[in-house]
Trainee: 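Here's a structure for you.
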Amino acid sequence: MTDKELSYCPGCGHGTAHRITMEVLDDLDAIKDTIGIAPVGCSVLAYEFMNIDMQQAAHGRAPALATAVKRLWPSKHVFTYQGDGDLAAIGTAETIHACNRGENIVIIFINNGIYGMTGGQMAPTTLPQMKSSTSPNGRDTGTMGHPLKITELIAQLPGVHFVTRQAVHTPGGVRKAKKAIKKAFEQSFENKGLCFVEIVSNCNSGWKMEPRASNVWMEENMFPYYPLGDIKVNGELISK
Amino acid sequence: MKGNEAMAEAAIRCGADGYFGYPITPQSEVLEYFMAEEPWNRTGMVVLQAESEIAAINMIYGGASTGKKVLTSSSSPGISLKQEGLSYLAGAELPCVVINVVRGGPGLGDIQPAQSDYFQSVKGGGHGDYKLFVIAPSSVQESADFVKKAFDIAFKYRIPALILSDGAIGQMMEKVELFEQEERLTDEQVIEKYGSWATTGKTADRERNIITSLDLIPERLEDHNKQLQAKYKKIEENEIMFEEIHCDDADHIIVAYGTSARICQKTVQLAREKGIKLGLMRPITLWPFPKKKIAEYGDTKKGIPTPDEVLTAFEKHFM
Ligand SMILES: Cc1ncc(C[n+]2csc(CCOP(=O)(O)OP(=O)(O)O)c2C)c(N)n1
Ligand code: SF4
């Protein structure tokens, strides 16, 4: 990480997710061989904090950038870091097609069920009945659609090698998430296909909660809908 | 060889590293030529059919950010989809080549040749205040030669370059003399040439390289815009290209580019046979535009805009 002070709200999961990603790259001695792609969202400034070469993509298009970088520089580690609006709404096509082509990249997906950066609007992953500034009376699935389990969706694609869902709000969770991110980088670097790590995270500001309360709310509401654990390992779906 | 094929072959020969595109008539031969020719076996060039024009232009952004020589092509509706990406490329000052084989519009329009994307091309096209280097071939030979020219300018100034062809030149078969194959740069050469700005991996001996068009500090963004304008001024001073046919003694001069210029050249010839002193001024770069040159013709010579294809667009620009 750089010395720059994080711009995230105190208690937000983005900072921890950044840190473990960089620790993994350090552990793998991959700093000099890694190119990261930042999204549009709260983590648009990821390039200010991650001490590696980075590109800042247009909203939703990070997997397209990563595709070209990896194909033009097969000797590099390439990853995207994206929020749920970026990855599962405006960038759905780029996400699905990069996954389907089996690009040898890592996607780190921060699912906080809301648009943090723009002030708490409804995201594709917003839970049923969950309030946001554009669903002030709660998400009505009859008219606003259902929360999109994009991670389960892309796990179906043959080009995708490793899919896991993690959280970073407890020390145990951080350890597991870091291990998963390491596995993802190692396997994508061995050209096994796309490796996808979802991190279910809080957005205490967007959810209008204290950080601690937001983590309890996340455990009680987000985890039942987005259960943690591996979804696809070594190209095989895990049956539950 | 068709104009579209000539551009693809020229890209391979000038050592391009990657092409990313999506099919649309009348430019699909570009992607088809690459896929048949398999340049990955000839030079190591990467070719990928993207899922959309939006994905393709963002692949260009990713590739150009690493200092590699990348290009994409499309036709009018697809070029509209690329505008957000072009704005980002201009903002982040990335070198690349984009080909527009123009067809009729607005909307889905038709698949006939047209010059109706003129304004979109020379005024930037997407959001924000920026320019593209715009060069318009009027033959298959120029289609090939201008791919190389466009890459040269793109890397010289770190600016996206647009080749404005159209359905006629793209589909037309003509004899073409192709330049010799040039070597692609190795990864090491790319790092040596562009490592001061390109994202090629942060080594211990340098600061990290960041490619972004974002700057949340208003003063800095203003400075960035001033610097872009200064660069555009330099291009206007140094890179204008045009051709004059029988302009010296002409009473009237037609101004036309691309396909229209070919038609007008014939008109000039017929007029001269009848003793009418007609000349043709063909802008080759549409941005920067040879405004000064046209102004020099003064009152005695009156520019006549191309009547058929461009309609109001071209006319307004210099009249
Ligand atoms: C083309 C375009 N449309 C809309 C926006 C505005 N915008 C910026 S961030 C964002 C949503 C980000 O939400 P998410 O991806 O969930 O990330 P978070 O901020 O929650 O981390 C939107 C809609 C934009 N920058 N560009
Ligand atoms: S708005 Fe939400 S996602 Fe953004 S930094 Fe604050 S808590 Fe994190």
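Each chain gets a letter, A, B and so on, in the order its sequence line appears, and its residues count up from 1.
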Trainee: Against chain A, label B:Ile57 side chain, backbone, both or neither, depending on which of its atoms sit under 4.5 Å from a heavy atom there.
Mentor: neither
Trainee: I'd like to verify something: which residue of A:Ile52, A:Ile96, A:Val69 has the highest number of heavy-atom pairs under 4.5 Å with chain B?
Mentor: A:Ile52
Trainee: Does any heavy atom of chain B fall under 4.5 Å from the side chain of A:Ile37, the backbone, both, or neither of them?
Mentor: neither
Trainee: At a 4.5 Å cut-off on heavy atoms, which part of B:Ala92 comes close to chain A: side chain, backbone, both, or neither?
Mentor: neither
Trainee: Would you enumerate the inter-chain donor-acceptor pairs between chain A and chain B whose distance is below 3.5 Å?
Mentor:
unit_1	atom_1	unit_2	atom_2	d
A:Tyr47	O	B:Arg208	NE	3.2
A:Tyr47	O	B:Arg208	NH2	2.7
A:Tyr47	OH	B:Thr212	OG1	3.4
A:Glu48	O	B:Arg208	NH2	3.4
A:Met50	O	B:Arg208	NE	3.4
A:Asp53	OD1	B:Arg206	NH1	2.9
A:Asp53	OD1	B:Asn209	N	2.7
A:Asp53	OD2	B:Thr200	N	3.1
A:Asp53	OD2	B:Gly201	N	2.9
A:Asp53	OD2	B:Arg206	NH1	3.4
A:Asp53	OD2	B:Arg206	NH2	2.6
A:Met54	N	B:Asn209	O	3.1
A:Met54	O	B:Ile211	N	2.9
A:Gln55	NE2	B:Gly62	O	3.3
A:Gln55	NE2	B:Thr199	OG1	3.0
A:Gln56	N	B:Ile211	O	2.8
A:Gln56	O	B:Tyr61	OH	2.9
A:Leu72	O	B:Lys68	NZ	3.4
A:Trp73	NE1	B:Thr66	OG1	2.9
A:Lys76	NZ	B:Thr200	O	2.9
A:Arg101	NH1	B:Glu51	OE1	2.8

Trainee: May I have the list of side-chain donor-acceptor pairs in residues 196-204 of chain A shorter than 3.5 Å, sequence neighbours left out?
Mentor:
unit_1	atom_1	unit_2	atom_2	d
A:Glu198	OE1	A:Thr151	OG1	2.3
A:Glu198	OE1	A:Arg165	NE	3.1
A:Glu198	OE1	A:Arg165	NH2	3.3
A:Glu198	OE2	A:Asn111	ND2	3.0
A:Glu198	OE2	A:Arg165	NE	3.0
A:Asn202	OD1	A:Gly13	N	3.0
A:Asn202	ND2	A:Gly11	O	2.9
A:Asn202	ND2	A:Asn204	OD1	3.3
A:Asn202	ND2	A:Ser214	OG	3.1
A:Asn204	ND2	A:Pro10	O	3.1

Trainee: Heavy-atom distance under 4.5 Å between the side chains of B:Leu214 and A:Val40, does that happen here?
Mentor: no
Trainee: Looking only at non-hydrogen atoms, find the nearest pair between A:Ala68 and B:Gly63 and report the distance.
Mentor: CB-N, 3.8 Å
Trainee: Identify which part of A:Ala57 has an atom lying under 4.5 Å from any heavy atom of chain B, answering side chain, backbone, both or neither.
Mentor: backbone
Trainee: What residue in B:Ala198, B:Gly44, B:Gly201 has the most heavy-atom pairs under 4.5 Å with chain A?
Mentor: B:Gly201
